[in-house]
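Heads up, the thing below is written out as structure tokens.
All chains are named by letter (A, B, ...) in the order of the sequence lines, taking the proteins before the strands, and each is independently numbered beginning at 1.
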There are 2 protein chains.
Amino acid sequence: MSAGLDRIDLKMLRLLQKNGRLTNAELASLADVSPATCHRRTQRLFDDGYIKTVRAMVQPQMVDRAALVMVGVVLDRSTPESFAQFEQAVSKLSFILDCNLVAGDFDYFLKIRVRDMADFNRIHGSQLIALPGVRQTRTFFVMKEVVDNAPLDF
Amino acid sequence: MSAGLDRIDLKMLRLLQKNGRLTNAELASLADVSPATCHRRTQRLFDDGYIKTVRAMVQPQMVDRAALVMVGVVLDRSTPESFAQFEQAVSKLSFILDCNLVAGDFDYFLKIRVRDMADFNRIHGSQLIALPGVRQTRTFFVMKEVVDNAPLDF
DNA sequence: CTAATTATGGAAGATTCTTTCATGTCGGCA
DNA sequence: TGCCGACATGAAAGAATCTTCCATAATTAG
């Protein structure tokens with residue numbers, strides 16, 4: 001698997017992914033190492049970039065972002081400049097959770113969270129179709145979230 | 001906005017979403033409350049379900065999951081039983097990060113992380129098309145991740 | 001086999017957590 | 001207005017945890 005990670009590192013990564021609030025003492029106990037070693041190893045996992053951040057997963061419904069929408073986007077032209085312009089504009093829209101350049105019938109796929117359908121319609125009309133170089137969008141309203149942002153399995 | 005959350009709660013939620021490793025003392029200082037109050041409020045945010053979990057965000061490349069794929073799925077029949085069977089099977093596949101029932105040309109959208117394209121092809125042939133009730137799948141390989149799992153804006 | 005490098009756990013001072021308690025704030029009600 | 005109850009707040013202090021130092025053990029290179 002990944003160079004530089006032994007069995008203990010992997011165990012710690014999995015534990016921290018499941019529960020980022022484990023204290024160093026708890027993690028040490030679960031990973032069968034001393035608190036001192038655990039502390040050093042955890043620091044290394046952060047310093048070397050194995051863990052990007054630790055994030056509290058806020059329940060969307062609780063902060064009025066219950067509606068999830070997937071949007072396929074086709075651009076006018078498939079030039080690097082067109083792509084770059086689109087991507088730069090997308091990065092400034094905070095309601096866009098995912099934006100991926102894909103191979104297939106679309107150029108980009110967006111994952112968007114908003115308050116409700118009315119909110120999405122407003123945003124679609126005013127901000128999405130106004131993104132640079134957009135020829136066409138196809139909207140897929142999410143009716144049921146079966147799996148949402150599952151932890152990485154490794 | 002959300003009932004039961006004042007300005008301080010929202011600030012704490014945003015801070016914890018950005019950095020789930022903030023100590024209580026740090027969070028208290030950033031939110032301009034005493035550590036005692038901060039501690040009580042944080043506990044309430046967890047107990048009342050505003051924060052689902054805290055998760056270390058593991059860099060996929062570092063654990064050999066560099067390939068991202070979006071898959072649109074169409075089922076044979078649109079019956080509740082068919083949907084339920086499909087969803088139950090999907091929930092057991094740990095490489096599926098997102099699974100959403102959508103309105104539009106597909107029944108479901110999947111977001112999948114694997115090692116590489118070869119790995120996906122193997123999984124597609126052996127596990128995806130074998131899911132119960134699948135009539136057709138359409139695969140969109142992600143060529144560039146522009147925005148990946150951005151924090152909620154609220 | 002030896003030496004150098006690296007990793008490990010115990011120990012201890014510094015920091016932080018967590019609870020208690022007295023005080024302060026707000027809204028309802030006579 | 002004045003009183004009361006419910007709730008929130010910050011200071012304080014014992015308990016727990018963090019973080020670093022150090023001597024030792026394990027691993028690797030030559």
Side-chain angles (χ1 to χ4, degrees), chain A residues 1-66 151-154, chain B residues 1-66 151-154:
Chain A
M1 152 99 57
S2 313
L5 291 184
D6 63 11
R7 197 179 295 98
I8 294 174
D9 291 318
L10 289 173
K11 194 170 187 177
M12 287 172 55
L13 273 183
R14 293 193 192 97
L15 288 164
L16 285 174
Q17 192 184 216
K18 272 204 303 188
N19 181 4
R21 283 178 75 77
L22 285 173
T23 66
N24 184 64
E26 291 168 331
L27 184 60
S29 168
L30 291 169
D32 288 317
V33 290
S34 71
T37 295
C38 184
H39 184 264
R40 270 188 306 262
R41 281 176 175 260
T42 302
Q43 199 138 293
R44 194 171 65 83
L45 290 177
F46 280 92
D47 291 346
D48 294 356
Y50 293 96
I51 298 176
K52 218 182 326 182
T53 62
V54 175
R55 180 187 299 181
M57 309 298 284
V58 176
Q59 201 92 37
Q61 299 83 353
M62 295 299 213
V63 291
D64 216 17
R65 297 291 181 277
L152 260 193
D153 181 45
F154 56 89
Chain B
M1 156 95 60
S2 313
L5 291 183
D6 62 13
R7 196 179 297 97
I8 294 174
D9 290 318
L10 289 173
K11 193 169 188 177
M12 289 173 54
L13 273 183
R14 291 192 193 97
L15 288 165
L16 285 175
Q17 191 183 216
K18 272 204 302 188
N19 182 4
R21 283 178 75 77
L22 286 173
T23 66
N24 184 65
E26 292 168 331
L27 184 60
S29 168
L30 291 169
D32 288 316
V33 290
S34 73
T37 295
C38 184
H39 185 263
R40 271 188 304 262
R41 280 175 176 262
T42 302
Q43 199 139 294
R44 194 171 66 82
L45 290 177
F46 281 91
D47 291 347
D48 294 356
Y50 292 96
I51 297 176
K52 218 181 326 180
T53 62
V54 175
R55 180 188 299 180
M57 310 298 283
V58 176
Q59 201 92 38
Q61 298 83 351
M62 296 297 213
V63 292
D64 214 19
R65 295 291 182 277
L152 262 192
D153 181 46
F154 55 92

Q | Euclidean distance, atom CZ of residue R21(A) to atom P of dA16(D) [Å, nearest integer] | A | 19 Å
Q. Roughly, in whole Å, what's the span from CE in M12(A) to C1' in dT8(C)?
A. 14 Å
Q. Heavy atoms, side chains only, cut-off 4.5 Å: are R55(A) and L16(B) in contact?
A. no
(Q) Under a 3.5 Å distance rule, please check whether Q43(B) uses its side chain to pair with a backbone N or O of R40(B) as donor and acceptor. (A) no
Q. Atom CG of L45(A) to atom C1' of dA7(C): distance rounded to whole Å?
A. 15 Å
Q: To the nearest Å, give me how far apart CD (Q43(A)) and P (dC18(D)) are.
A: 13 Å
Q) If only side-chain N and O atoms of R41(B) are considered, is one of them under 4.0 Å from the OP1 or OP2 phosphate oxygen of dA8(D)? A) no
**Q.** Value in whole Å for how far the P atom of dT6(C) lies from CG of D6(A)
**A.** 16 Å
Q.
Please determine whether a side-chain nitrogen or oxygen atom of H39(B) lies at a distance below 4.0 Å from atom OP1 or OP2 of dT18(C).
A. yes
(Q) Determine whether a donor-acceptor pair (N or O, by modelled atom type, separation under 3.5 Å) exists between the side chain of Q17(A) and the backbone of M57(B). (A) no
Q.
Can you tell me which nucleotide in dT16(C), dA8(D), dC18(D) comes closest to the side chain of N24(A)?
A. dC18(D)
Q: Report the distance from atom CG of L22(A) to atom C1' of dC18(D), rounded to the nearest whole Å.
A: 15 Å
Q: Would you mind classifying the nucleic acid contact of R44(B) as base, sugar-phosphate or nothing, using non-hydrogen atoms under 4.0 angstrom?
A: nothing
Q | Residue mapping more 5' on DNA chain C - nearest nucleotide basis, A36(B) or T37(A) | A | T37(A)
Q | From dC21(D), dT19(D), dA11(D), nucleotide with atom closest to R40(A) side chain | A | dC21(D)
Q: Consider the side chain of S34(B), meaning its heavy atoms from C-beta on, and name the nucleotide among dT9(D), dG10(D), dC17(C) that approaches it most closely.
A: dG10(D)
Q | Check against side-chain hydrogen bond (donor to acceptor under 3.5 Å, both in side chains), E26(B) and S29(B) | A | CA-CA 5 Å; E26(B) 292 168 331; S29(B) 168; over 6 Å; no
**Q.** Euclidean distance, atom CG of residue L27(B) to atom P of dT15(C) [Å, nearest integer]
**A.** 20 Å
Q | Side chain D6(A), main chain I8(A), donor-acceptor under 3.5 Å | A | yes
